[in-house]
Amino acid sequence: MKNMKIEAAAQAIFTVCAFLSVIAVASITLYMIANGVPALFKVGIKELLFSTVWKPTAAEPSFGILYIILTSVIGTAMAILIGVPIALLTAVFLAEVAPKWLAAFVRPAVELLAGIPSVIYGLLGMMILNPLMYRWELRLFHDSDTHRFTGGSNLLSAVLVLAVMILPTVVSISEAALRAVPQELKSSSMALGASHVQTIFKVTIPAAKQGIITGIVLGVGRALGEAMAISMVSGNGVNFPLPFASVRFLTTAIVSEMGYAGGVHRQVLFTIGLVLFVFILLVNIALNAVLRKGE
């Protein structure tokens with residue numbers, strides 16, 4: 001009888017927590033819609049989402065965020081293309097290749113990356129990465145009459161910082177997924193004549209696919225939601241997202257201007273937040289679709 005009461009109480013607590021999570025997500029969604037949609041009607045969907053001119057404080061203000069959207073999409077995609085292969089190979093090394101003593105040394109170092117504050121990544125990027133990028137910029141565009149020099153604060157710097165920041169998330173989750181693969185699968189593969197490397201890439205990684213995809217999507221969420229570090233290294237200019245151009249991401253647009261924005265300008269910043277929210281929602285929908293297909 002006592003155990004039954006404990007189980008009933010635990011079930012009630014779990015149910016309440018689940019409903020609180022759902023209510024929190026629903027509340028955030030409704031709040032973002034209520035505050036982000038009005039600017040779409042005041043400014044116009046075409047001008048807001050497809051215009052490239054961002055001059056919110058001009059005498060005749062313009063609120064085009066197309067370049068900002070493209071910067072977030074392209075910058076995040078580039079960071080994923082750079083960071084995910086490194087993270088996946090690191091996870092394979094820790095789970096399948098490294099001796100225990102070496103894995104015990106490398107794993108805490110990777111996990112430590114997750115605990116470093118974003119502002120530290122930004123400071124390191126400003127002090128180390130931006131000067132390096134500026135030297136490359138001077139070499140590549142020394143004869144150009146049209147290039148606007150950024151001092152190294154550009155899209156490429158932001159992408160490299162984001163690629164480093166997503167590493168611990170993708171590495172940790174991918175390693176856990178790889179370690180969860182049954183040993184029988186690996187032994188069967190090697191018994192059929194496959195080498196250790198062939199077993200890793202033909203058996204272990206495909207078997208851990210769902211966990212790896214989960215880690216990648218969480219990494220995408222980290223990249224899309226990052227603001228402080230990239231605002232310090234990206235230059236914060238609204239331009240087409242070329243590698244050596246000063247750019248502004250969706251998150252940095254909100255952080256940079258929310259403190260002094262008012263009226264329609266402030267409403268547009270909420271619309272930018274709504275666009276970012278929709279991006280993350282689409283990523284999660286894509287994840288669920290991929291996982292259901294895998295099952």
Side-chain angles (χ1 to χ4, degrees), residues 67-68 70-91 93-94 98 102-103 105-144 147-175 215-216 218-257:
Y67 282 169
I68 301 175
L70 289 177
T71 297
S72 288
V73 173
I74 294 174
T76 302
M78 290 174 65
I80 294 299
L81 288 175
I82 295 172
V84 166
I86 297 174
L88 180 56
L89 293 177
T90 302
F93 174 76
L94 292 173
L102 184 56
F105 174 77
V106 175
R107 189 177 297 109
V110 173
E111 293 172 351
L112 183 61
L113 290 175
I116 297 176
S118 298
V119 68
I120 302 300
Y121 284 105
L123 286 173
L124 292 174
M126 289 178 63
M127 300 301 296
I128 299 174
L129 192 58
N130 283 1
L132 178 61
M133 290 297 163
Y134 186 46
R135 287 197 289 270
W136 288 1
E137 191 177 12
L138 290 173
R139 292 180 181 179
L140 290 173
F141 301 100
H142 67 280
D143 290 331
S144 176
H147 179 74
R148 284 185 278 180
F149 288 91
T150 63
S153 299
N154 50 44
L155 174 63
L156 194 55
S157 296
V159 165
L160 293 176
V161 169
L162 285 178
V164 173
M165 294 183 70
I166 67 174
L167 287 179
T169 300
V170 181
V171 170
S172 298
I173 297 176
S174 298
E175 184 192 357
I216 292 172
L218 291 176
V220 172
R222 174 77 189 273
L224 280 173
E226 180 54 45
M228 181 58 68
I230 57 176
S231 68
M232 299 172 70
V233 299
S234 64
N236 214 20
V238 181
N239 299 297
F240 186 81
L242 296 173
F244 288 94
S246 173
V247 293
R248 180 177 297 183
F249 288 68
L250 289 167
T251 50
T252 58
I254 299 171
V255 170
S256 300
E257 302 184 17

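A quick note: this is a predicted structure, and the numbers were derived from the prediction, not measured.
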Worksheet entry | Inter-residue atom distance Arg148.CZ - Asn239.CG, 0.5 Å rounding | 5.0 Å

Worksheet entry | Separation between CG of Leu250 and CG of Leu70, rounded to the nearest 0.5 Å | 10.0 Å

Discussion item. So, taking the atom named CD1 in Ile116 and the one named CG in Leu123, what distance separates them when rounded to the nearest 0.5 Å?
Written reply: 12.0 Å

Fill in: Closest approach of Ile74 to Pro241 (non-hydrogen atoms, all atoms of both residues)
CD1-CG, 3.5 Å

Fill in: Leu138 side chain near Phe149 side chain, heavy-atom distance below 4.5 Å
yes

Discussion item. I'd like to check Thr76 versus Val220 (side-chain heavy atoms, cut-off strictly below 4.5 Å). Are they in contact?
Written reply: yes

Worksheet item: How long is the gap from CD1 on Ile216 to CG on Leu88, to the nearest 0.5 Å?
Response: 7.0 Å

Worksheet item: With no hydrogens and no angle check, is any side-chain donor or acceptor of Thr252 less than 3.5 Å from a backbone partner on Ser231?
Response: no

Worksheet item: Nearest heavy-atom pair of Ser118 and Met165: which atoms, and what distance?
Response: OG-CE, 3.7 Å

Discussion item. One pair to check against side chain to side chain contact (heavy atoms under 4.5 Å, CB included): Leu94 and Val106. What are the steps and the verdict?
Written reply: CA-CA 8 Å; Leu94 292 173; Val106 175; 3.7 Å; yes

Discussion item. Do Thr251 and Glu226 make a side-chain contact, defined as non-hydrogen atoms from C-beta onward lying under 4.5 Å apart?
Written reply: no

Worksheet, complete the sentence: Nearest heavy-atom approach of Ser246 to Asn236 is OG-N, 3.6 Å

Item to complete: Please report the shortest heavy-atom distance between Ile80 and Pro85, naming the atom on each side.
Response: O-CD, 3.7 Å

Discussion item. Measuring from atom CG of Leu156 to atom CE of Met78, what distance do you get when rounded to the nearest 0.5 angstrom?
Written reply: 6.0 Å

Practice prompt. Mark yes or no for whether Tyr121, through its side chain, and Met228, through its backbone, hold a donor-acceptor pair below 3.5 Å.
Written response: no

Worksheet, complete the sentence: In this structure, OH of Tyr134 is separated from CZ of Arg139 (nearest 0.5 Å) by 13.0 Å

Response to the item:
For Ala163 and Ile166 the tightest heavy-atom approach is O-CG1, 3.3 Å

Worksheet entry | Positive for side-chain contact (heavy atoms from CB on, under 4.5 Å) with Val171, one of Val110, Leu89, Leu113 | Val110

Worksheet entry | For the student: nearest non-hydrogen atoms of Pro108 and Ala103, plus distance | CD-O, 4.1 Å

Fill in: Side chains of Thr90 and Leu167 in contact at under 4.5 Å (non-hydrogen atoms)
no

Practice prompt. Under the side chain to side chain donor-acceptor pair (under 3.5 Å) rule, collect the residues that match up with Asn130, sequence neighbours excluded.
Written response: Ser153, Ser157

Practice prompt. Just grab all the salt bridge (charged side-chain N to carboxylate O under 4.0 Å, His left out) pairs involving residues 230-250, residues at least two apart or on different chains.
Written response: Arg248-Glu257

Worksheet item: Quick one: does Leu160's side chain get under 4.5 Å of Leu129's, heavy atoms only?
Response: yes

Worksheet item: Which residue pairs satisfy the ring-ring contact (aromatic ring centres under 6.0 Å, His included) criterion with at least one member in residues 219-252, sequence neighbours excluded?
Response: Tyr67-Phe240, Phe141-Phe244

